[in-house]
Amino acid sequence: MKSVTTKLKLFRPALTSRCSYSSTDQTLLLNEFTRFCYQRDLPRALKSMDSLQSHGLWADSATYSELIKCCLDHRAVHEGNLVCRHLYFNGNQPMLFLVNVLINMYVKFNLLDKAHNLFDKMPQRNVISWTTLISAYSKHKHHQKALKLLVLMLRESVRPNVYTYSSVLRSCNGMSDVRMIQCGIVKEGLESDVFVRSALIDVFAKLGEPEDALSVFDEMVTGDAIVWNSIIGGFAQNNKGDDALKLFKRMKRAGFTAEQATLTSVLRACTGLALLELGMQAHVHIVKYDRDLILNNALVDMYCKCGSLEDARRVFRQMKERDVISWSTMVSGLAQNGYSHEALKLFEAMKASGTKPNYVTVVGVLFACSHAGLLEDGWYYFREMKKLYGIEPGREHYGCMIDLLGKAGKLEDAVKLLNEMDCEPDAVTWRTLLGACRVQGNMVLAEYVAKKVLELDPEDAGSYTVLSNIYANSQRWDSVEEIRTRMRYRGMKKEPGCSWIEVNKKIHAFIIGDESHPMKAEVDKKLNQLIHGLIGIGYVPETDFVLQDLEGEQMEDSLRHHSEKLALAFGLMTLPSEKVIRIRKNLRICGDCHVFFKLASKLERRSVVIRDPIRYHHFEDGKCSCGDYW
DNA sequence: GTAGGGTTAG
């Protein structure tokens, strides 16, 4: 802290008296004010500021800057307003630097309108004024405003610097924005700055261009731990967990230590790949960060998504503090794993704990209702969410309700709700309704709905399949051919079914029609044995292909060798008998496999968990956690 | 003097 006496020298020239006070009295007043500001004595400083104002006096900028810092520390919005009013009192125009400080204060108080107002009133603005505002809009996701400000700034011939670019890059919604900004960066010769680079890496990752992110990263001569986190996080967020893990190894070899942010991304990578063993290994290394909220949240999510609910519950129970994300993660995790009632109970506990639910939490709650067919609960939470929690229902909430109504046989109500939506239904919403049509066997509606999906998402192979099968069933071969032509024209193929299983920390993939697995012959043999064993206890292999193909989601062609059956056979052969068999797959499980796995869990006395893109099935002793409702 | 980078839930 600077001494008060040096400050006094600084503001002496500013003593232009317009009142009857003697210059000594004025000095005393200013002296006192400065002292209170530097002592961070907010109440006294404000009182003192009042007397200055009544005598038409202003102190120097550094002192006010100190006072504003004090307001920020105390989050004293009202007091900040008083300081601002004082500085503009009687038509005074504070100097540029001080207005920048004020703008920054309003930004930190999340009062962007006030910040922008001051900005508009400035007779002159420098690069910091612009950057403060641009960065604020970027952070608050007002991306259009941020980009527009950059353009206005250039028009006023104020040259952006590394601060400006690293902030505004966050607001790029498409590659064309990035390319434009990259031009500016190169023109100013700022491309080697580490902040600019990490912002570029982030934006490429966000836009789903991890290869571009990697090339920016690889061109870097010197980096730091944060850039490593950017690139690892970028891959983890883009469902490229294996790449993220490879980079993590590289980071360690380069001599960097993994801290919370890195480990969180590593966990996310494990979560995406359902690598329970590796995730558990990471858990051992992060016990020293056991108070880190974000890391614990990621850990809970990892255990939920790997289907290891016991571990998830344990971590959640032991957390020292929990935020809305912790609770939401656990609520959704329970719901996805088939524990809907426990999810709703936890939601009530969350409210009792005083944590306010948000948009995502309610999605989890409605998800729990929809996956257990809890019609009344679903309606209750949906109808009351606005009144009870102040949350407007969005697409995801409507989606859960449409799913709930549709699967519960209230297809008409589902359609009615879709038509009543406040927001425009998108392809996902219509696809949800299509799934309900399938369950209810309503082909007339399915045809209409599938067409709607294709209007919004012409690349949706599942909906083409639905249409094609409906036409085939009613012998409308012309229409069948038309659909096939359209699919060929778009170069579309059904995604092949694929299942993964982790054995000895290695992932084994099983894909329909793929012969490349080294133990393929043994796996086939084991599967055939298993099928025979199951037929012995009442398994009847499903043969109704057409029915199976009537799917909103995509289904595999050959029922007998669905990839999860191969993965199960392999798991039974290789994993010790006490271990739970965990399988992750890219498509939703079909009815035949569901029966197959229930019986297999009984015959082989094994617990099996299957994670599909939407939810999880825990098979044990002939039963599934979903209660055959999915 | 005032502005900039990484991590968690659907």
Side-chain angles (χ1 to χ4, degrees), chain A residues 2 10 60-66 68-69 72 94-105 107-108 115 126-136 138-139 160-170 190 193-203 205 223-234 236-237 258-269 271 286 289 292-302 304-305 322-333 335-336 357-368 394-397 399-400 428 614:
Chain A
K2 282 176 190 161
L10 278 172
D60 66 310
S61 299
T63 305
Y64 287 119
S65 168
E66 216 48 43
I68 291 167
K69 271 186 215 158
L72 278 171
M95 65 180 281
L96 176 66
F97 151 71
L98 203 46
V99 185
N100 284 346
V101 175
L102 280 172
I103 292 175
N104 181 47
M105 175 188 80
V107 166
K108 298 262 162 72
N126 65 6
V127 59
I128 297 180
S129 332
W130 286 96
T131 305
T132 309
L133 209 55
I134 289 175
S135 149
S138 281
K139 264 194 191 136
N161 59 18
V162 287
Y163 290 86
T164 327
Y165 284 124
S166 56
S167 303
V168 80
L169 272 170
R170 261 195 307 227
L190 306 171
D193 180 79
V194 69
F195 282 82
V196 170
R197 280 190 188 260
S198 79
L200 271 172
I201 290 169
D202 286 334
V203 73
D224 57 14
I226 293 185
V227 196
W228 278 101
N229 293 339
S230 289
I231 190 74
I232 293 172
Q237 283 155 30
E259 305 267 322
Q260 285 101 314
T262 326
L263 292 166
T264 307
S265 291
V266 168
L267 276 181
R268 178 163 172 157
T271 307
I286 61 186
Y289 298 118
D292 189 276
L293 179 63
I294 297 179
L295 200 41
N296 275 317
N297 287 347
L299 209 46
V300 171
D301 191 43
M302 186 274 289
C304 284
K305 297 253 165 70
R322 301 182 191 103
D323 65 359
V324 62
I325 296 187
S326 331
W327 290 97
S328 310
T329 307
M330 201 64 218
V331 168
S332 301
Q336 287 164 337
N358 67 13
Y359 188 98
V360 181
T361 326
V362 183
V363 173
V365 170
L366 294 178
F367 191 82
R395 280 203 192 89
E396 291 91 339
H397 302 114
C400 288
V428 179
I614 308 282

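The sequence lines fix the lettering, A, B, ..., with proteins before strands; numbering per chain opens at 1. Just so you know, these numbers come straight off a predicted model, no measurement behind them.
- Using a 4.0 Å heavy-atom distance criterion, A/Val194 is classed as a base contact.
- Within 4.0 Å of A/Asp202, counting heavy atoms only, lie sugar-phosphate atoms of the nucleic acid but no base atom.
- Counting non-hydrogen atoms under 4.0 angstrom, A/Val300 reaches nothing in the nucleic acid.
- Looking at heavy-atom distances under 4.0 Å, A/Thr361 makes no contact with the nucleic acid at all.
- Within 4.0 Å of A/Ser135, counting heavy atoms only, lie sugar-phosphate atoms of the nucleic acid but no base atom.
- Listed by chain and residue number, A/Lys305 satisfy the salt bridge (Lys or Arg N to Asp or Glu O under 4.0 Å) test with A/Asp301 (two or more places apart in sequence, or in another chain).
- Note on A/Ser328: a base of the nucleic acid sits closer than 4.0 angstrom, heavy atoms only.
- Looking at heavy-atom distances under 4.0 Å, A/Thr329 makes contact with sugar-phosphate atoms alone, never a base.
- Residue contacts shown for A/Val162 include a base, since a base heavy atom lies under 4.0 Å away.
- Among the atoms of the strands shown, none is found under 4.0 Å from any heavy atom of A/Phe367.
- You won't find any donor-acceptor pair under 3.5 Å spanning the side chain of A/Asn161 and the base of B/dG4, going by distance alone.
- Residue side chain A/Ser198 reaches the base of B/dG5 through a donor-acceptor N/O pair under 3.5 Å, judged by distance alone.
- Considering only side-chain atoms of A/Gln260, the nucleotide from B/dT7, B/dG5, B/dA3 that sits closest is B/dT7.
- Contact annotation: A/Gln336 side-chain N/O to B/dA9 OP1/OP2 distance is not under 4.0 Å.
- Counting distance only, with no hydrogens placed and no angle test, the side-chain atoms of A/Asp193 and the base atoms of B/dG4 include a donor-acceptor pair under 3.5 Å.
- Not one side-chain nitrogen or oxygen of A/Arg395 sits closer than 4.0 Å to the OP1 or OP2 atom of B/dG10.
- Between A/Lys305 and B/dG10, a side-chain N or O to OP1/OP2 separation shorter than 4.0 Å is present.
- Of the listed nucleotides (B/dG1, B/dA3, B/dG4), B/dG4 has the atom at the smallest distance from the side chain of A/Ser167.
- Within the 4.0 angstrom heavy-atom criterion, only backbone atoms of the sugar-phosphate kind lie near A/Arg170; the bases stay farther away.
- Remark: A/Thr262 engages A/Asn229, A/Ile232, A/Phe248, A/Met251, A/Ala258 in a side-chain contact (heavy atoms from CB on, under 4.5 Å) (not counting sequence neighbours).
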